[in-house]
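Quick notes on the structure that follows.
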Amino acid sequence: MPSAAEVLDIEDRFLAAVPGERIIESSLTVKFLKRVGVMLNPDSTATGDVVVPRSVPV
């Protein structure tokens, strides 16, 4: 879904479609662009590009 605000709309439509049910808990997972430094494609497969963090002076 394009925005987190749509979660409430989806939950409301679910509850309207299934009378008598209730939602006890709701969670949202953020889409990650990279994992352990490896960039990911939209389908979450690795692109092959590795992002190396630059040194930060202490």
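Position 1 is the first residue of the sequence, and the numbers go up from there.
By the criterion of side-chain heavy atoms lying less than 4.5 angstrom apart, applied directly or through intervening Ile, Leu, Val, Met, Phe, Trp or Tyr residues, Ile10 is grouped together with Leu28 in one hydrophobic cluster.
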message = Checking Leu15 against Ile23 for the side chain to side chain contact (heavy atoms under 4.5 Å, CB included) test, could you report, in this order, the C-alpha distance in whole Å, the side-chain angles of both residues, the deciding distance, and whether it holds?
response = CA-CA 8 Å; Leu15 292 172; Ile23 297 173; 3.9 Å; yes
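Panel note: side chain Thr47, backbone Asn41; no donor-acceptor pair is recorded below 3.5 Å.
Counting only heavy atoms from C-beta outward, the side chains of Leu40 and Thr45 never approach each other to under 4.5 Å.
To the nearest 0.5 Å, atoms CZ (Arg22) and CD (Glu11) are separated by 13.5 Å.
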